[in-house]
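What follows is a short report on a single structure.
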Amino acid sequence: MNRLINEVEPARRKTLAMPKEIIGHGTWFDKMAVEILERERSLGRSLNLIRTEMGITASGFPHVGSFGDAARSFAVTLALKAQKHNSELIAFSDDKDGLRKVPAGMPQSLKKYLGFPVSSIPDPYKCHKSYGKHMSSLLLEALDKCGIDYRFMSGYEAYKTGLFNKEIETILLNAERIGEIIKEEVGQEKFTEALPYFPVCSNCGRIYTTQAHNFLPKEDKILYSCKGMEIKGQWMEGCGHKDEADYTKGEGKLSWKAEFAARWKVLDIRFEAYGKDIADSVRVNDRICQEILDYTPPMHAKYEMFLDISGKRYSKSAGRIFSPQLWFRYGSPQSLLLLMLKRFVGARSLSVTDIPKYMNELDELEDIHFGKKEITDEKERAKLNGIYKYSWMLKPPARPSLHIPYNLLTYLAKVAPKDSETEFITAKLKEYGYKTERDSEDLERRIVYALNWAQDYIEIKETTTETTAKETTALREFIQTLQVEKGEDQIQGAIFNIARKHEIKPSRFFQIVYTILLGAPQGPRLGSYIIAMGKKNVTAALKKALAQG
RNA sequence: GGGCCCGUAGCUCAGCAAGGAUAGAGCACCGGGCUUUUAACCCGGGGGUCCCGGGUUCAAUUCCCGGCGGGCCCGCCA
């Protein structure tokens, strides 16, 4: 093959060396699907149903990171399906986990439930069966909104119904070796003594205060004592109770250091992505899965955490929650999916202020998808088009939508007069030549995003500005004129005339008026804006500014 | 102590997965157009040792190794 390339003239090399076939939709996910299939084939496992998995945290508010896990895993499932293999995503709720900390913004009354499994804590908002259910459903709502399809499983139910019984037994019987594996991989010695299982204390109801020290295989029982544990730098005191737990009845759960392995084997999981914060646990589980449970663990993909603008990680409990719901206030589900899917690796700073970028980028990708924008490189085109399709979870719309730059919409939203925002914006867009009658539903959604944005992030302040005596006189005259002039053009013209009459550069005079009305040195065409805003309001604002200046 | 990510235009970044021709975008800046200067929009312009050094290759911003600089994660639980 190499020789052949060398013999042809250089200009043709590319076409010969390049024509590697584009895999699937040309994205990372398609490549991953191929790798999974190759791996499964070489392992000789059945390809009838290839399962991917994600974990749902139920102990705190879901944030965009948890959402990303789901979006990426589901994209892999879709890629597998695109290659004609049956696949499904398991959404496994970690609702048997204990509450470690009361999340910021939640009632302090929850403190008494610290250490309790989140599925046995009442929902403080009273809309769900439990605290855990409330939290996990927030994420599930976001998934539904984005068209992410999954099979839901509850950890609490799984333990209760004995789904992991056999694996728990194997793990407990091999606890010593597991303790060594953990020590080898992460240097933690705790499990060389304690069993990798947390019983729920039959006396105080907490799960993280117990230590399991003996396993009685014949009776399916685990002996424990409720001695307390350090969680997130805080000592959680145990009640001192000693008892036995029956693991077949779900009277406890496996530690994460061994639970994934059990899940992978029982559910026959072939792919699971994970954030780098749990990389150690995954490594440990991979070994336990292979060496103890005799099941080759799923293929993995590791992704980075999201950072906020100051470089700190988005934390579920730090009160800086960037939730999917927050995103949907300013941007479409597809724009969030685009963020998650366009790149797999790499840390990313993320701020709400990035949303407009992704909204615009999605429009650009849509242009490529519908052939409105030319991309000469075939591979590049396939990839961008693929990302677009995955942003729609492979169900892209049949027709392109009406594209309006996000910043234009927020700009219009900012200056739109109260109570007639949509009308004002639509009228302006029409004036700029946009075909607003088309796709009015989509347009309305875009306007709502922009209005939310403007409301939350752009402060309109009527401000005063330093003016010279000449300028003050001019402003007074302008106020007078406003009482008389009726039309947009007349007002527009009057500004020029008054400025010239008082020997002020029109640009300076415009600046003054904009600053007073909008708090910014420029803005929309004033004649029409003043009409839209209402002459009374404008007059009042100008008078106020004069009085203060 | 262990591991990971990032370093591309003045700023923010894309491109890097499966290496390919003059390396892109937004913002900012400069010039022009849009019924007489302003927003939006459109057209044009300047601006880069793709962090440094090796290696692989016909070909490296892209892959590999080693530096330097910035940042993150884990080291209890999850």
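As the structure is a prediction and not an experimental result, all values here were calculated from the model. Letters A, B, ... are given to chains in the order of the sequence lines, protein chains preceding strands, and every chain is numbered from 1. Atoms considered below: every heavy atom in the structure, side chains included; atoms not considered: hydrogens, waters and symmetry mates.
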Have a look at [X] and say if it touches a base, only the backbone sugar-phosphate, or nothing, with a 4.0 Å heavy-atom cut-off.
X	value
A:Gly24	nothing
A:Ser255	sugar-phosphate
A:Gln188	sugar-phosphate
A:Tyr406	nothing
A:Lys190	sugar-phosphate
A:Lys257	sugar-phosphate

Nearest listed nucleotide, side chain of [X], among [options]:
X	options	value
A:Lys357	B:C73, B:A17, B:U12	B:U12
A:Lys276	B:A18, B:C77, B:G3	B:G3
A:Lys302	B:A18, B:A17, B:G3	B:G3

Rounded to whole Å, how long is the line connecting atom [atom1] of [X] with atom [atom2] of [N]?
X	N	atom1	atom2	result
A:Glu304	B:G71	CD	P	15 Å
A:Glu189	B:C76	CD	C1'	14 Å
A:Arg263	B:A78	CZ	P	12 Å

Hey, can you tell me if A:Tyr274 and A:His300 have their rings parallel, tilted or perpendicular (30° and 60° cut-offs)?
-> perpendicular
For A:Lys133, does the NZ atom have more than 12 heavy-atom neighbours from other residues, nucleotides or ligands under 6.0 Å away?
-> no
A:Arg283 (side chain) donor-acceptor with A:Glu185 (main chain) under 3.5 angstrom = yes
Pair A:Lys253 + A:Asp94: basic N to acidic O under 4.0 Å = no
